[in-house]
Amino acid sequence: MDNLSSYEHRSVLESTPSANCHSMTAFSTQALAREPHGKSLRWFVVALVILFLISGGWGAVTAFKYARASLGNWRQQLQARDASSNPLAGDLPPVKKDFYGTLAGLKIVGVTPDSPAARAGLKYGDILVAYNRRPVSNQDEISAAMDYEQEQYNRTGKPATVELTLYRDGDMALKTLRVPTGRLGIYTREWTFAYAFVDDAIMQRNDYAEAERYANQAEASGQYTADQLLHMRVFCVNNERDGEAIRQSQVDDLYQKSPADKVTLFGNYDLLYNKRFRAAAAVFERYLKIRKVDVSTELNLAACYVELDRYDDADGLLKKVLARLNGDENAPSEYGLSVLSNIRGKIDMGRHQYDRAQERFLAALERYPGDSYYVLAFLYCAAQRDVKGEKPGEFEAAYKVVSGQLGETENSMGYHLDALRAFIFVKHNRTPEAAALVSKWKNSAEAKRYIPVFWSRFPEGSDIIDNWNNLLQGLSGKT
């Protein structure tokens with residue numbers, strides 16, 4: 001998933017929330033109602049990022065749904081606090097006529113199936129720069145613009161449709177689409193022209209020097225805000241195994257020149273989201289030297305340690321969090337305890353303690369029935385116990401436990417289940433059955449793309465990926 005100014009993970013509200021997110025938003029509403037804005041903000045970040053990490057990427061929709069509810073609640077609190085005749089006056093962008101050369105917008109990172117956005121042809125990677133001729137570069141702006149047009153429609157029946165202005169496929173020529181007034185069903189992240197170059201230099205070419213040049217040019221141009229420039233600087237923090245000295249120097253410089261809370265929030269947005277765990281850990285470690293204790297940052301740091309296979313460090317941090325008495329402002333909340341339990345589940349998996357991890361994921365499913373990641377993590381642990389001979393037949397037994405909760409997982413993510421089943425079949429010398437499962441997905445671009453991404457997040461997931469690829473190769477060799 002994320003906060004409330006120009007430096008957060010963003011989500012544009014969906015048409016309707018799924019049943020699966022109700023249990024998650026119930027706590028977020030209560031927590032935000034009783035916590036000061038700064039603490040709410042940090043929890044908002046940790047909620048989105050941790051859920052993104054534990055879900056291995058594609059499950060981030062759940063995290064965005066949590067963020068959506070929390071963001072709406074936070075904005076309502078601000079509006080109540082700063083009540084005026086027009087609560088959107090501070091957010092509503094003025095109408096513009098010309099958007100040529102626009103340097104900032106919102107990048108679409110998810111489109112809900114069969115939503116107004118999907119039906120209008122919006123897709124991943126589109127950059128929204130205006131909503132009905134109003135520039136949008138952050139969540140507050142697009143939410144205000146959407147609320148304004150919706151209110152006009154409710155009062156007069158007009159406009160029934162609004163115009164979206166966007167960039168597509170890297171082409172900076174402006175394009176327009178019309179969509180119905182109301183929620184679109186998209187998930188977005190803030191985007192700037194210069195940041196896109198910084199991102200590309202690092203993520204595609206691992207060229208930090210080039211990324212720094214782009215950030216310097218952006219600063220010299222005078223066309224970017226201080227927050228937009230800080231995003232670029234944070235993203236440039238070195239993430240290499242042998243880059244410790246450079247990384248520490250960069251982090252020290254960031255904290256000397258910018259507010260500590262903001263640097264830490266940007267670390268969530270720019271580093272954790274992009275799985276740059278060494279850089280993110282350095283940012284969070286530095287923040288905890290300043291704040292000493294901060295539960296959301298500690299949980300984010302523990303999540304980084306897990307991804308870096310530093311299980312003892314992660315476990316030690318979680319024990320410190322749990323040792324705090326109820327009533328301490330940095331004691332874990334109900335939601336924090338669920339996040340903590342999920343991290344411990346990943347620690348148990350990393351240590352190959354699959355029985356303990358399986359118990360944790362089953363407990364998570366009791367809190368969030370049908371959650372795709374928890375279902376697959378629970379079955380993965382059962383599969384490992386099965387194929388290692390620790391508990392023969394455990395996979396089928398576990399499958400029966402969650403079969404009633406599969407729902408969307410079995411329909412839209414069935415290739416993950418079949419990859420796991422195929423792995424078990426091969427281990428039990430049932431290769432023809434395994435090949436039949438894989439054959440169902442041999443022409444699926446989604447399966448080819450996401451199976452390696454998802455299962456690489458598990459400690460022995462490479463075995464599942466290799467098994468899948470070997471079976472695919474065997475199928476392609478048949479005439």
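Values below: every heavy atom of this structure, side chains too, minus hydrogens, waters and symmetry copies.
Inspection of the Thr156 and Gln152 side chains reveals no N or O donor paired with an N or O acceptor under 3.5 Å. Side-chain N/O atoms of Tyr148 and Ser143 include no donor and acceptor closer than 3.5 Å. With 3.5 Å as the limit, one finds a donor-acceptor pair spanning the side chains of Glu210 and Tyr214. With hydrogens and angles left out, the side-chain atoms of Asn238 and Arg276 include no donor and acceptor closer than 3.5 Å. For the residue pair Gln473 and Asn469, no side-chain donor N or O sits within less than 3.5 Å of a side-chain acceptor on the partner. Residues Tyr311 and Asp309 have side chains that bring a donor and an acceptor to within less than 3.5 angstrom of each other. Side-chain contact annotation: Asn132 with Glu149, donor-acceptor N/O pair under 3.5 Å present. Checked by atom type, the side-chain pair Tyr287/Asp261 shows a donor-acceptor distance below 3.5 Å.
Nearest heavy atoms, Thr181 versus Tyr131: CA-OH, 4.4 Å. Across every non-hydrogen atom of Ala260 and Ile290, the tightest pair is CB-CD1, 4.1 Å. Residues Gly182 and Gln150 come closest through the heavy atom pair CA-OE1, 3.2 Å.
Ser115 is listed as a side-chain neighbour of Val111, based on a closest heavy-atom distance under 4.5 Å. Contact check for Leu128 versus Thr165: no side-chain heavy atoms found under the 4.5 Å cut-off. Side-chain contact between Val129 and Pro135 is absent, with no heavy atoms from C-beta onward closer than 4.5 Å. Here the side chains of Ile186 and Thr112 are not in contact, with every heavy-atom distance at 4.5 Å or above.
Arg278 has no carboxylate O lying under 4.0 Å from a charged side-chain N of Asp242, or vice versa, which leaves the two without a salt bridge. Electrostatic pairing of Lys346 and Glu307 counts as a salt bridge here, judged by a charged N lying under 4.0 Å from a carboxylate O. With respect to the salt-bridge test (charged N to carboxylate O, under 4.0 angstrom), the residues Asp418 and Lys440 qualify. Of the charged side-chain nitrogens involved, at least one lies within less than 4.0 Å of a carboxylate oxygen, so that Glu151 and Arg155 count as a salt-bridged pair. For the pair Lys262 and Asp227, the salt-bridge criterion is met [side-chain N within less than 4.0 Å of a carboxylate O]. Electrostatic pairing of Glu244 and Arg247 counts as a salt bridge here, judged by a charged N lying under 4.0 Å from a carboxylate O.
Residues meeting the salt bridge (Lys or Arg N to Asp or Glu O under 4.0 Å) test with Glu141, sequence neighbours left out: none. Applying the ring-ring contact (aromatic ring centres under 6.0 Å, His included) criterion to Phe235, with sequence neighbours excluded, gives Tyr195. For Asp253, the salt bridge (Lys or Arg N to Asp or Glu O under 4.0 Å) partners are Lys257, not counting sequence neighbours. Here Ala447 pairs with Tyr415, Trp441, Ser444, Ile451, Trp468 under the side chain to side chain contact (heavy atoms under 4.5 Å, CB included) rule; sequence neighbours left out. Checked against side chain to side chain contact (heavy atoms under 4.5 Å, CB included), Met172 has the following partners two or more places apart in sequence or in another chain: Tyr167, Trp191, Phe193. The side chain to side chain contact (heavy atoms under 4.5 Å, CB included) search around Leu288 returns Asp294, Thr297, Glu298, Leu301, not counting sequence neighbours.
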Next on the checklist: If you apply the rule side chain to side chain contact (heavy atoms under 4.5 Å, CB included), what do you find for Met349 with Glu460, and how did you get there?
Outcome noted: CA-CA 9 Å; Met349 282 200 298; Glu460 297 179 86; over 6 Å; no
Checklist entry - Stepwise, does the side chain to side chain contact (heavy atoms under 4.5 Å, CB included) test hold for Glu240 with Asn206? => result CA-CA 9 Å; Glu240 306 311 305; Asn206 212 38; 3.2 Å; yes
Item to check | Step-by-step side chain to side chain contact (heavy atoms under 4.5 Å, CB included) determination, Val237 to Asp270 | outcome: CA-CA 10 Å; Val237 173; Asp270 299 296; over 6 Å; no
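Phe277 does not carry Lys275 over the face of its six-membered ring by the limits of under 6.0 Å from the centre and within 45° of the normal. A cation-pi arrangement is absent between Arg233 and Phe266 under the rule of less than 6.0 angstrom and at most 45 degrees off the ring axis.
In this structure, Tyr373 and Phe454 have perpendicular ring planes: the angle between them is above 60°, well past the 30° mark.
Of the possible polar contacts, one joining the Ser456 side chain to the Val453 backbone as a donor-acceptor pair under 3.5 Å is found.
More than 12 heavy atoms of other shown residues, nucleotides or ligands fall within 6.0 angstrom of atom CZ in Arg119.
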